[in-house]
Amino acid sequence: MPSFQGPKGTRDLYPLDAAKRRFVMEAWRSASIRHGFEEIDGPTFEHLPLYTVKSGEGIVSELFSFKRAGGEDDYALRPEFTPTLARMYAAKAGSLPKPTKWFMAGPFFRAERPQRGRLREFLQWNVDFLGLAGDPKAPEEIERAKAAADAEVIATCVSFLASLGLTPRDVRIRVNHRFALSQWLESQGVAAERQGDLFKLLDQRGKLPEGQFAVGLAEFGFSTQQAEVFQKGVVRITVDDPQSAGDAVLDLTLFAHAVMPLAQQFAQMGIVDWIDFDLTVVRGLAYYTGMVFEVHEASGAERAIAGGGRYDGLVELFGGPGTPAVGFGMGDVVLALVLQDRGLMPEDARVVELAGLRPDVFVLSNGSAEADAWVRPLCARLRAAGLHARHSYKATKNIGKLLKDGADLRARFAVIVESPESVTVKDLKTGSQSAVSLEGLASHLRGA
RNA sequence: GUGGCCAUAGCUCAAUCGGUUAGAGCACCGGGUUGUGAUCCCGGGGGUUGCGGGUUCGAGUCCCGUUGGCCACCCCA
C-alpha cells in the first residue's frame with residue numbers, strides 16, 4: 001500500500017480510464033460542434049466573490065477556496081461555469097454576435113462529501129445560448145425566439161445522448177417552465193410570495209415519506225386527488241390541442257397555453273419523444289426565469305444527469321448588458337453510471353479504438369541478432385513516416401508471445417523483421433501475411 | 001456538516017475461538033517447448049494486513065483515533 005492516498009473524492013485515471021474520459025469528452029464536443037456551438041474555456045479558479053455574488057456567502061463552505069501564502073485575495077476552484085461564462089460574455093458583449101453559442105467541457109471542483117454520482121472533482125459539459133436570433137421586439141416574437149433557443153439547447157443535449165446509444169426509453173428530459181408555473185399557481189390561489197416554499201416542496205417529491213407530499217400540498221390548498229397528479233408529475237401536452245393538458249381534478253390549460261411555444265419547438269426539432277412536462281422540476285436556483293429542465297435516467301434511479309434552464313438576468317448580474325440566456329450543465333459521473341448500467345460504456349478494446357489509440361504496426365524480430373538490431377531503427381523510420389509504431393520491451397524471442405503482445409495492443413499489423421532487407425507483414429485481423437519491400441512498407445501499412 | 005457499513009498483493013478473495021514464517025487464482029516479469037495470436041510446463045518479483053496508538057505472553061482478527069472508499073441525510077450552482 002502506498003503511503004499517500006489521493007484526496008477524497010478524486011479519481012486516478014489509468015490508461016483505459018483516460019481513454020474513456022476522452023471518449024465522453026469527444027462525444028460532448030462533437031455534439032456541440034454539429035449544433036453550431038463554439039468551444040471556449042476559462043480559468044479553473046476565479047476570485048471568490050465571483051461565486052458569492054450569485055449564490056451568497058453560504059456557498060463558500062461548498063467551495064475549495066484559498067489565499068496565496070502571504071496574499072490578500074481570496075480565490076476558489078471553479079464549482080460551476082456559469083459565473084465565468086457571464087463574466088466572459090459581459091467583458092466582450094458589445095462585439096459578440098447575437099446569438100452567441102458557446103460550449104466548454106472541463107474539470108470542476110466542489111467540497112462536498114462524495115456519494116453515488118457525486119465526486120469532488122468531476123468533468124462538466126456546459127452549453128449556453130446567449131442573446132436571441134433576429135433581435136425580436138414584440139412580446140410574442142420574443143417568446144417564440146426564447147422557445148426556439150431553449151429547444152435548440154435541449155436538442156443539443158438529446159443529440160449527445162442519442163450519439164451514445166441512449167434512447168427515450170433510457171433517459172427522459174423533464175421540462176418545466178418557472179414563469180408559466182407561477183402564473184398557473186397564482187390562478188390556483190397560491191400567491192407569489194408562497195411559491196418559493198411550494199417549489200421547495202415540489203423539489204422534494206419522492207424523497208418525502210408516503211403521504212407527506214400530499215400533506216404539504218394540502219397546506220397550499222390542493223386536494224388529495226390533485227396531490228396525486230403532482231405526485232405523477234408528468235403533464236401531457238398535445239401541440240394541436242392545449243385543452244388536452246391537465247386532469248379532471250387539476251385544470252392545467254393555462255399552464256399549457258404558456259408552454260405551448262416550447263412544445264411546438266420540440267415538435268419541430270423532432271425531440272418530443274424524449275420530453276416530459278413535469279410540474280415538479282423547479283431546480284434549486286432562484287435565478288432561473290423561464291424554462292427549466294433536468295435529464296434523468298428513465299426509472300428515476302440516479303440523481304440528475306444534467307440540468308439547466310433559462311436565466312435572463314444573469315449576465316446583467318455580472319455587469320453585462322441585459323441578455324436573455326439559456327444553458328445547461330452535464331457532469332460525467334452520473335452519466336458514466338447510467339452508461340455502465342445500460343452496457344453503453346465501450347469495452348476496453350473498443351475504447352482504445354474509439355480514442356484513436358490503436359497502433360498501426362507492431363514490429364518484432366524473428367530472433368536473429370541481425371533482426372533484433374533492426375527493430376528499433378525500423379520503428380523510428382515508420383514513426384517518421386507518421387505511423388503509430390510499437391515494439392515489445394520483452395526479452396523473449398518467442399514469436400507467439402510477441403504476436404500476442406501486438407494483438408493485445410490491438411495493432412492493425414505486425415511486421416516480423418528477418419533482416420534489414422526482408423520483413424513479413426501480418427494483418428492481425430485476417431491473419432494473412434506477405435513479404436513487403438522496405439521501400440513500400442510505410443505506404444503498404446498506411447494504405448492497406 | 002450528520003449518521004451507518006467497510007479497508008489483507010495491481011485485481012478478486014482466503015487465513016478456526018486472538019496463536020508459529022499472512023496464502024491462492026488472475027495479472028505482471030523471466031525461462032523453456034528453437035518462426036505465428038485465449039496452448040502447455042517451470043521459475044520470479046511483489047504485503048510494515050490503509051495509517052497511528054492501545055489491550056494482550058501473542059493482534060490481519062479486540063478497542064480508540066485518523067485517512068480513504070461505499071451508502072443515506074444536508075445540499076445540489
Side-chain angles (χ1 to χ4, degrees), chain A residues 1-12 14-16 46 50-56 58-63 76-86 108-120 122 124 126 200 203-204 207-209 281-288 292 294 302-309 311 314 317 327-331 333-334 337 348-349 362 364-368 371 392-419 422-433:
Chain A
M1 274 289 119
S3 313
F4 291 104
Q5 296 173 314
K8 182 193 298 193
T10 62
R11 294 170 286 189
D12 293 337
Y14 292 91
L16 281 171
E46 292 271 10
L50 186 75
Y51 299 116
T52 52
V53 158
K54 184 186 115 193
S55 312
I59 195 72
V60 176
S61 65
E62 310 290 332
L63 300 177
L77 297 181
R78 64 182 180 191
E80 59 166 327
F81 193 65
T82 311
T84 301
L85 175 91
F108 290 86
F109 311 86
R110 295 179 186 179
E112 296 175 294
R113 193 104 165 238
Q115 57 182 290
R116 184 173 178 84
R118 181 199 271 178
L119 295 171
R120 289 185 155 194
F122 54 95
Q124 193 179 73
N126 286 271
K200 193 158 184 106
D203 200 31
Q204 300 230 298
K207 276 197 173 178
L208 293 174
V281 173
V282 292
R283 314 260 322 137
L285 281 303
Y287 64 76
Y288 286 116
V292 291
E294 290 182 346
E302 307 287 350
R303 61 182 62 238
I305 297 169
Y311 43 93
L314 201 72
L317 182 64
F328 71 89
M330 176 187 293
V333 183
V334 177
L337 290 173
D348 292 354
F362 188 80
L364 58 118
S365 159
N366 74 342
S368 71
S392 179
Y393 288 95
K394 288 182 180 170
T396 184
K397 297 191 190 305
N398 183 325
I399 290 185
K401 285 184 182 176
L402 292 171
L403 280 171
K404 176 171 160 13
D405 266 12
D408 286 347
L409 289 168
R410 303 203 24 90
R412 293 166 212 282
F413 294 98
V415 166
I416 305 170
V417 180
E418 283 103 25
S419 75
S422 170
V423 301
T424 298
V425 175
K426 175 164 186 153
D427 184 320
L428 287 175
K429 186 169 182 185
T430 66
S432 66
Q433 49 186 70

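Each chain gets a letter, A, B and so on, in the order its sequence line appears, and its residues count up from 1. Because the structure is predicted, anything quoted here is derived from the model rather than measured.
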Given Watson-Crick or G-U pairs with both distances under 3.5 Å, what dot-bracket string fits RNA chain B, with | for other-strand pairs and [ ] for crossing? (((((((..((((.....[...)))).(((((.......))))).....(((((..]....))))))))))))....
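Using a 4.0 Å heavy-atom criterion, one finds that A:Ser61 contacts no nucleic acid atom at all. A:Gly331 comes within 4.0 angstrom of no nucleic acid atom, judged by non-hydrogen atoms across all strands.
Contact check for A:Lys394 versus A:Lys401: no side-chain heavy atoms found under the 4.5 Å cut-off. A heavy-atom distance below 4.5 Å is not found between the side chains of A:Leu85 and A:Asn126.
Of the candidate nucleotides B:rG69, B:rG4, B:rC75, B:rG4 has the atom lying nearest to any side-chain atom of A:Arg113. Minimum atom distance to the side chain of A:Gln433 is reached by B:rU36, of the listed B:rC74, B:rG69, B:rU36. Closest to the side chain of A:Gln115, out of B:rC29, B:rC75, B:rC74, is B:rC74.
The distance from atom NZ of A:Lys397 to atom P of B:rC29 is 17 Å, rounded to the nearest whole Å. Taking atom CG on A:Asp203 and atom P on B:rC76, their separation rounds to 8 Å, with Å as the unit. Atom CD in A:Glu112 sits roughly 15 Å away from atom P in B:rC71 (whole-Å rounding). Put simply, CG on A:Asp408 is 18 Å from P on B:rU36, counting in whole angstrom units. If you take OH of A:Tyr393 and P of B:rG30, they are 13 Å apart, rounded to a whole angstrom. Distance CZ (A:Phe362) to P (B:rU36): 16 Å, rounded to an integer number of Å. The interatomic distance linking A:Leu119 (CG) with B:rC76 (P) rounds to 19 Å, in whole Å. Atom pair A:Arg120:CZ and B:rC70:P shows a separation of 12 Å (rounding to whole Å applied).
B:rU67 and B:rG50: their C1' atoms are spaced 7 Å apart (whole Å). Taking atom C1' on both nucleotides, B:rG60 is separated from B:rG23 by 13 Å, rounded to a whole Å. Comparing the same atom, C1', in B:rC51 and in B:rU8 gives a spacing of 14 Å after rounding to whole Å. B:rG3 sits 12 Å from B:rC74 when the C1' atoms are compared, rounded to a whole Å. B:rC13 and B:rG58 are spaced 26 Å apart, taking the C1' atom of each and rounding to whole Å. Distance noted for atom C1' between B:rG47 and B:rG10: 12 Å (whole Å). Remark: the separation of the P atoms in B:rC6 and B:rA14 is 14 Å, to the nearest Å. The C1' atoms of B:rA22 and B:rA15 are separated by 7 Å, rounded to the nearest whole Å.
Atom OG1 of residue A:Thr10 and atom CZ of residue A:Phe109 lie 10.0 Å apart, to the nearest 0.5 angstrom. Rounding to the nearest 0.5 angstrom, the gap separating the CG atom in A:Leu337 from the CD1 atom in A:Ile305 is 9.5 Å. Separation of atoms CD1 (A:Ile59) and CZ (A:Arg110) is listed at 8.0 Å; rounding is to 0.5 Å. With rounding to the nearest 0.5 Å, the separation of CG in A:Leu317 from OH in A:Tyr311 is 12.5 Å. A distance of 10.0 Å separates CG in A:Leu409 from NZ in A:Lys404, rounded to the nearest 0.5 Å.
In this model, a donor atom of one side chain and an acceptor atom of the other lie less than 3.5 Å apart for A:Arg303 and A:Gln115. For the residue pair A:Glu418 / A:Ser368, no side-chain donor-acceptor distance below 3.5 Å is found, with atom types taken as modelled.
Donor-acceptor pairing under 3.5 Å, judged by distance alone, is absent between the side chain of A:Arg110 and the base of B:rC76. In the interface, the side chain of A:Arg303 is paired with the base of B:rC76 through a donor and an acceptor atom under 3.5 Å apart.
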Hey, mind stepping through A:Glu302 and A:Arg116 against salt bridge (charged side-chain N to carboxylate O under 4.0 Å, His left out) and telling me if it holds? CA-CA 8 Å; A:Glu302 307 287 350; A:Arg116 184 173 178 84; 2.8 Å; yes
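Considering only side-chain N and O atoms, A:Lys394 lies under 4.0 angstrom from the phosphate OP1 or OP2 of B:rC29.
Side-chain atoms of A:Arg120 come within 3.5 Å of backbone N or O of A:Glu112 as a donor-acceptor pair.
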Taking only N/O atoms, report every protein-nucleotides 37-40 of chain B pair under 3.5 Å with atom names and distance.
{"unit_1": "B:rG37", "atom_1": "N7", "unit_2": "A:Lys426", "atom_2": "NZ", "d": "2.9"}
{"unit_1": "B:rG37", "atom_1": "O6", "unit_2": "A:Asp427", "atom_2": "O", "d": "3.3"}
{"unit_1": "B:rG37", "atom_1": "N1", "unit_2": "A:Leu428", "atom_2": "O", "d": "2.4"}
{"unit_1": "B:rG37", "atom_1": "N2", "unit_2": "A:Leu428", "atom_2": "O", "d": "2.9"}

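In terms of position along RNA chain B, the nucleotide closest to A:Lys8 lies nearer the 5' end than the nucleotide closest to the other residue of the pair A:Lys8 and A:Gly307. When each of A:Arg116 and A:Asn366 is assigned the nucleotide of RNA chain B bearing its nearest heavy atom, the one mapping closer to the 5' terminus is A:Asn366.
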